[in-house]
Number of protein chains: 2
Amino acid sequence: MPIPRAAQTQRRTRIQEEKEEQILEAALDVFSQHGFKGATIDHIAEVAGMSKPNLLYYFRTKEAMHRALIERVLDTWLDPLRAFNAEGNPESEIRSYIRRKLEMARDYPRESRLFANEVLRGAPLIEDELKGPLKELVDEKAEVIRAWAKAGKIAKCDPYHLIFSIWSTTQHYADFDVQVRAVLGQEKDGDGRFEDAARFLEQLFMGGLSIRG
Amino acid sequence: MPIPRAAQTQRRTRIQEEKEEQILEAALDVFSQHGFKGATIDHIAEVAGMSKPNLLYYFRTKEAMHRALIERVLDTWLDPLRAFNAEGNPESEIRSYIRRKLEMARDYPRESRLFANEVLRGAPLIEDELKGPLKELVDEKAEVIRAWAKAGKIAKCDPYHLIFSIWSTTQHYADFDVQVRAVLGQEKDGDGRFEDAARFLEQLFMGGLSIRG
DNA sequence: CAATAATTTGACCGTTTGGTAAACATTACA
DNA sequence: TGTAATGTTTACCAAACGGTCAAATTATTG
């Protein structure tokens, strides 16, 4: 009598929804802190408050858990870029994109680190996502930026490297948090630090794109 | 008859120097690619072309290897910042700092990734280094930048976040190389890509600091 | 060359880890 | 309420891994 795995059933029960959520929440904790190899199923199970075999009832392998998690994260991770609007004016669009990305680094540092860990190790699980959907989205937005530059609304610049620089500067505050904290010391608390970073980055990018602040 | 471990001897022999170098080179390969937990002694031994017990003759534990490696890397990693000169003029100093950091991301991506991995997992091995020597160095250079701003040579800005943004934008090309390549596609080769990034970053920071390019 | 010190290796060990088997418990539903 | 499907747990396994040991080999030096 084969046990029907949750992942194989047609309709998901209430328990499945709850438990899978519970597991992914714990998995996010552990994977983002220790990386894929460093994370253990036992540890995730402990954080999730359930037994190891119970975890493996919902996700058959550690990799399946990681894959489910990272695909979900990747999706929401790109929301700010999707919100980037060609119709809006360049200043407010770029400004609010930077701010949203910075807010995400502040509010969802685990997601940022999970992603960083995955890319650092060569992105074996999401290579296709990067080369497909991600590239297409970036291509589309890069075209918007290029049009703005052509119309003289912002300085001429390489739109891809502009996007990279916004990603890197904002995510830095999540991924390198330990270093940032070590350098800045205890003086500034979370909110003050966030505001300082936001102010600086707006100045940097507005100036760099020749947009008067 | 206790075997004198290489690390314990007073003077290092020729063989010790060679082999330790050989091991650290292999370790850099493996640690930077797989992270601390993901790296195995067997794998490092294989890359180094020697047996596992032989490795452990020179470095008693995996952690000792990692520590030796990361301390060496951290030291050379900060050279560009140390070269930052208060006497020089702001434009050329900042410009060449960016370029040096970008060159390091291009020429030493393994070192960058090793460091990123370490910080991502909470920097357990170099916490003291970050809070001590690193912080002091950054404090010193931040003061230089602040003085430049006060003298009206560059726009007023938070010097710490300026340094963070230079770190993050340049190191991004090493740490997130897979993503960068996925988005940019095969069109641009290594050198062209590097020049594009360099041009963009110079424009960004010169403009952001109100320095005319 | 002899003898001592330094280096290298194959075999091995205890622990951790990802994952399984099967019995047991609970839930959903006719 | 009975029964089949779903969910949970205890006990366990094989492989991988960090590290040790003692014997063998090579290098150094008096």
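Given the structure is predicted, the values throughout are model-derived calculations rather than measurements.
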> If only atom types and distance count, is the side chain of B/K62 paired as donor or acceptor with the main-chain N or O of B/A39 below 3.5 Å?
yes
> Heavy atom of residues 34-48 of chain B under 4.0 Å from DNA chain D: which residues?
B/A39, B/T40, B/I41
> Using whole Å, what does the distance between atom C1' of nucleotide C/dT7 and atom CD1 of B/I23 come to?
12 Å
> Without decimals, in angstroms, what is the distance between B/E18 CD and D/dT26 C1'?
14 Å
> Of all residues at least two apart in sequence or in a different chain, which pass the ring-ring contact (aromatic ring centres under 6.0 Å, His included) check with B/Y173?
A/H161
> Has the side chain of B/K62 got a donor or acceptor atom sitting under 3.5 Å from an opposite partner on the base of D/dG19?
no
> Tell me: CZ of B/F59 to P of C/dT7, nearest whole Å?
13 Å
> Once the angle between the rings of A/Y97 and A/F84 is folded into 0 to 90°, is it parallel (under 30°), tilted (30 to 60°) or perpendicular (over 60°)?
perpendicular
> Nearest to the side chain of A/P53, which nucleotide is it out of C/dG10, D/dT10, C/dG19?
D/dT10
> Any side-chain N or O of A/Y57 below 4.0 angstrom from OP1/OP2 of D/dG7?
yes
> If you measure from the Lys or Arg side-chain nitrogens to the Asp or Glu carboxylate oxygens, is any gap between B/R72 and B/E21 under 4.0 Å?
yes
> If only atom types and distance count, is the side chain of B/E111 paired as donor or acceptor with the main-chain N or O of B/W77 below 3.5 Å?
no
> Within the structure, does a side-chain N or O atom of B/Q16 lie under 4.0 Å from either OP1 or OP2 of C/dT7?
yes
> Do A/K19 and D/dG7 have a side chain to base donor-acceptor pair shorter than 3.5 Å?
no
> Between P on C/dT7 and CG on B/L55, what's the gap in Å once rounded to a whole number?
14 Å
> Output all residues satisfying side chain to side chain donor-acceptor pair (under 3.5 Å) with A/D196, sequence neighbours left out; order by chain, then residue number.
A/K188, A/R199
> Can you measure B/K52 atom NZ to C/dC12 atom P for me and round it to whole angstrom units?
14 Å
> Whole angstroms only, please: what is the CG-P distance between A/N54 and D/dT6?
15 Å
> How many whole angstroms separate atom CG of B/L56 from atom P of C/dT7?
15 Å
> Please confirm whether the shortest side-chain N or O distance from A/S51 to OP1 or OP2 of D/dT8 is below 4.0 Å.
no
> Specify the separation, in whole Å, of atom CE of B/M50 and atom C1' of D/dT26.
15 Å
> Could you measure the distance from the CD atom of B/Q171 to the NZ atom of B/K101? Nearest 0.5 Å is fine.
4.0 Å
> Taking only side-chain N and O atoms of B/Y58, does any of them lie within less than 4.0 angstrom of OP1 or OP2 on C/dT8?
yes
